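Please read the structure below before turning to the comments.
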Amino acid sequence: MNSMARWLDVEVGTDDIVLNTLPSDVTLVDLHNDNEIKLLVGDLGKGEEGPKLKVFKGAMQVSDMVLPDLPLGVVGFYTNETVPRSQPVIGIAFSSCIHMYRNMKIFYKYYLPTVEFNTCEMEVWKQLMDPLNHNTEVIAALTESFKSIPEKVLSTQSRNFLAMSEDQQLEYLEHLTELPSRKVPEIACIATLKMQSVDRYSVSCLVVGSEDGEVIVLETQTFTQIAQAKVCTVKKTPCYMVTTGLFNVDYRITIATREKSVCVLKREWPEGRLLFSTDEHIIAMEVMTADNSIMVICTDHTMACYSKKGKKQWSMNLEHRPVAMTLVPVVHLGVTLTAVALASGHVHLYDGKARRDTLFVRGGNLMLKILKRTADFNAHSAGVEATASAAIAQKPWLIPKKSKLFLEQSLRERENAGMMHEVFQLELNRLRLLAAKTLLEAHMKCDNSIGSGAMEPVRLTAEVEGLGPVFRVGLIIENTSSDKAVIGLSILFHVHTSNYKVSHPYIKVPLISPGSKLKFPTKVEEVFEENINPDVFFRTVTGQGGEAALVKVLLLKHGRSAPVLAATVQMPPTDPMMLPYEKLQSTQNFEHNT
């Protein structure tokens, strides 16, 4: 099946749609709660046209909104679970603040908390504020002190001062009346994290990564800070974040940094930990939903996969420079593909490291494609030739040379071939005898929990709940077949009537469809004599219960004389505190009589 047969093209329309954006400024949101997903694009603008937030319904632009600055990221989330459901909030990150929009109208602005200036930087500013130093030679010498401070630590005000000319610096200092003491950190990236449910419309919190190497988690109802941590022990600047899990249960934030590394941050960690480092800068990163493995594409035209613990699993070379990457879940096939966009205009779809499809798109235009329900992405139907990197990966095994020890062992085996064969046959027959004895013992006890034969495979499991003397025994019967149903089964309890009483000793099992399971709860009551021996309560500890403390569950098949399979349940002792007062008195009478 070729690529054209898998996808249906959607007409873009008569007007040309030209977009200038980044992957972090694109998101899909049910903007008006009408079950129609809208495409939101934070357009950076081009020429005289400034940045805008553009909304698309299908292939048509339905609205836009002027933005005050270049967007760093666009996300959508819900702040409550009221009924009827409220409209989602659109969060757009700018330089040092996040604007919150609802119904395309701004209603809140969140600014990152300010931090103290670096000590060395503060000393330079104190000298610059002195009017005696307001000359070009002294200012030039002091600006060199700014350059000696790492750029990551340097504040935005100091970086802007370095970018000015000498005349502009002098004019700026003459108008500066107050010594700067605190700086506002800048936002590097944003993401969302579900609070307590993975439901589509559940409440999310906002995750913000700053240029200072901090990760801040915001509660979205009051927009207050509920968690804060460092990206790593050594200061690193985040550029991409992928969140998994739930904030109130357990979560994992995978962070790609500008220092060619990937870190991980978990719940209640004060700082993240380094997972792995790459040879070149990371362009994009995704986390696979199945096993939390991490996919990265780098500027050296490579795509690599790492385990969730940071171990490199494989790497491959791409034909052109990668520019973006995203996950494409194909629900009806149960697979998740990785889409990699290249600078050449091609979009490659990978299943692991195997390429399954290729698309071609035009830069700057909006193109929509619909995947057919009959589309298949297996290796045979993909019809894509193996890449050069895949061929290189299939290298022959490196077989070591024959050592002296190997030659001596070969000679010994040739000289003693007959004796070795006799020993091998003896051990093989002994193994066969042991297997036959074990099988016969299992058949005599009829204590198997999985059976297969004339009927389809069936699994029987049992669990006991309660403190006694009335227990709840839950039986679960599962049909492990993928294409056939099971009918004509029944359940029979076999107990010692002097010890236990079953409310429903015989249960008919209805038809069990392929791959499904049924649960049958039954009450089992422990029976006590008039004078109770206190040792009964400790029989599982002393081992005196014997077979009297066992309950056998037999699964019968209509038309068969022997049980299909069985399960033996070791009943726990009854908690003495659960017995009536009269029964407790009888234990005292028993001790008095003895």
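Note that the coordinates shown come from a computational prediction; the quantities given were computed from them, not determined experimentally.
In this structure, the side chains of Leu53 and Ile92 come closer than 4.5 Å at one or more pairs of heavy atoms. Val215 is listed as a side-chain neighbour of Ile255, based on a closest heavy-atom distance under 4.5 Å. Using a 4.5 Å heavy-atom threshold, the side chains of Lys230 and Leu265 count as separate. Two residues are said to be in side-chain contact when any heavy atoms from C-beta on lie closer than 4.5 Å; Arg355 and Glu319 meet this criterion. The shortest distance between side-chain heavy atoms of Tyr350 and Arg356 does not fall below 4.5 Å. Looking only at side-chain heavy atoms (C-beta outward), Arg6 and Asp357 come within less than 4.5 Å of each other. Counting heavy atoms from C-beta outward, Lys38 and Val29 have side chains that stay 4.5 Å or more apart.
Under the 3.5 Å distance criterion, the side-chain polar atoms of Gln196 are left unmatched by any main-chain donor or acceptor of Leu246. Remark: the backbone N or O of Ser204 is paired with a side-chain donor or acceptor of Thr220 at under 3.5 angstrom. In this structure, the side chain of Gln221 engages the main chain of Thr79 through a donor-acceptor pair within 3.5 Å. Under the 3.5 Å distance criterion, the side-chain polar atoms of Thr358 are left unmatched by any main-chain donor or acceptor of His348. A donor-acceptor contact shorter than 3.5 Å links the side chain of Tyr240 to the backbone of Ile283. Of the possible polar contacts, none joining the Thr254 side chain to the Val264 backbone as a donor-acceptor pair under 3.5 Å is found. Between the side chain of Ser261 and the backbone N or O of Thr257 there is no donor-acceptor pair closer than 3.5 Å. For Asp43 (side chain) and Pro51 (main-chain N/O), no donor-acceptor pair under 3.5 Å exists by modelled atom type. With hydrogens and angles ignored, the 3.5 Å screen pairs no side-chain donor or acceptor of Asn292 with any backbone N or O of Val287. With Ser96 contributing its side chain and Ile187 its backbone, the two residues share no donor-acceptor pair below 3.5 Å.
Between the CD1 atom in Ile190 and the CD1 atom in Ile216 there is a gap of 12.5 Å [rounded to 0.5 Å]. We find the CD1-CD distance between Ile297 and Glu286 to be 9.0 Å, quoted to the nearest 0.5 Å. In this structure, CD1 in Ile90 is found 13.0 Å from CD1 in Ile98, a value given to the nearest 0.5 Å. Considering OG1 of Thr222 and OH of Tyr108, their distance stands at 8.0 Å, rounded to 0.5 Å. To the nearest 0.5 Å, atom CG of residue Asp25 and atom CG of residue Leu19 are 11.0 Å apart. Taking NZ from Lys266 and CZ from Arg273, the interatomic distance works out to 7.5 Å, rounded to the nearest 0.5 Å.
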Q: Before giving the answer on side chain to side chain donor-acceptor pair (under 3.5 Å), spell out for Asp199 and Ser197 the whole-Å C-alpha distance, their side-chain angles and the decisive distance to 0.1 Å.
A: CA-CA 5 Å; Asp199 185 66; Ser197 174; 5.5 Å; no
Q.
Checking Arg321 against Thr299 for the side chain to side chain contact (heavy atoms under 4.5 Å, CB included) test, could you report, in this order, the C-alpha distance in whole Å, the side-chain angles of both residues, the deciding distance, and whether it holds?
A. CA-CA 7 Å; Arg321 177 174 59 87; Thr299 55; over 6 Å; no
Q. Is there a side chain to side chain contact (heavy atoms under 4.5 Å, CB included) between Lys372 and Leu8 once you walk through the steps?
A. CA-CA 7 Å; Lys372 290 183 178 179; Leu8 296 175; 3.4 Å; yes
Q | From CA spacing to verdict: salt bridge (charged side-chain N to carboxylate O under 4.0 Å, His left out), Arg267, Asp250 | A | CA-CA 6 Å; Arg267 178 180 172 87; Asp250 192 18; 5.9 Å; no
Q | Verdict with supporting geometry, Leu218 and Thr224, side chain to side chain contact (heavy atoms under 4.5 Å, CB included) | A | CA-CA 5 Å; Leu218 301 178; Thr224 55; over 6 Å; no
(Q) Using the rule given for ring pair (Phe, Tyr, Trp, His ring centres under 6.0 Å), can you reason through Tyr101 versus Phe107, listing the C-alpha separation, both sets of side-chain angles and the distance that settles it, and then say yes or no? (A) CA-CA 6 Å; Tyr101 296 86; Phe107 73 95; 8.5 Å; no
Q: Walk me through it: do Ser86 and Asn80 pass the test side chain to side chain donor-acceptor pair (under 3.5 Å)?
A: CA-CA 7 Å; Ser86 61; Asn80 56 63; 2.9 Å; yes
**Q.** Val217 vs Gln225, side chain to side chain contact (heavy atoms under 4.5 Å, CB included): CA-CA, chis, key distance, verdict
**A.** CA-CA 6 Å; Val217 183; Gln225 180 177 312; over 6 Å; no
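Across all non-hydrogen atoms, the minimal contact from Val55 to Met104 is CG2-CE, 3.8 Å. Listed here is the closest heavy atom pair of His332 and Leu371: CE1-CD2, 4.3 Å. Of all heavy-atom pairs spanning Pro238 and Ser210, the tightest one is CD-O, 3.2 Å. Residues Leu44 and Thr21 approach most closely at CG-CA, 4.2 Å, considering heavy atoms. In this structure, Gly209 and Met241 approach most closely via the heavy-atom pair N-CE, 3.6 Å. Nearest heavy-atom pair, Leu333 versus Ala375, reported as atom, atom and distance to 0.1 Å: CD1-O, 3.5 Å.
Side-chain contact check for Ser307 and Gln313: no donor-acceptor pair (N or O, by modelled atom type) lies under 3.5 Å. If you check the side chains of Thr302 and Asp300, you find a donor sitting under 3.5 Å from an acceptor.
Taking 4.0 Å as the cut-off between side-chain N and carboxylate O, Arg258 and Glu211 count as a salt-bridged pair. Salt bridge annotation for Lys519-Glu478: absent, with no cationic side-chain nitrogen under 4.0 angstrom from a carboxylate oxygen. Salt bridge annotation for Lys308-Asp291: absent, with no cationic side-chain nitrogen under 4.0 angstrom from a carboxylate oxygen. Salt bridge status for Lys54 with Asp64: absent, with no side-chain N to carboxylate O gap under 4.0 Å.
Between Phe77 and Phe223, the ring-plane angle classifies as perpendicular under the 30° and 60° cut-offs. Between Tyr306 and Phe276, the ring planes are parallel. Angles under 30° get that label, and only those over 60° would be called perpendicular. Aromatic ring pairs are classed by plane angle as parallel below 30°, tilted from 30° to 60° and perpendicular above 60°; the pair His320 and His346 is parallel.
You'll find the ring centres of Tyr251 and Trp269 outside the 6.0 Å limit.
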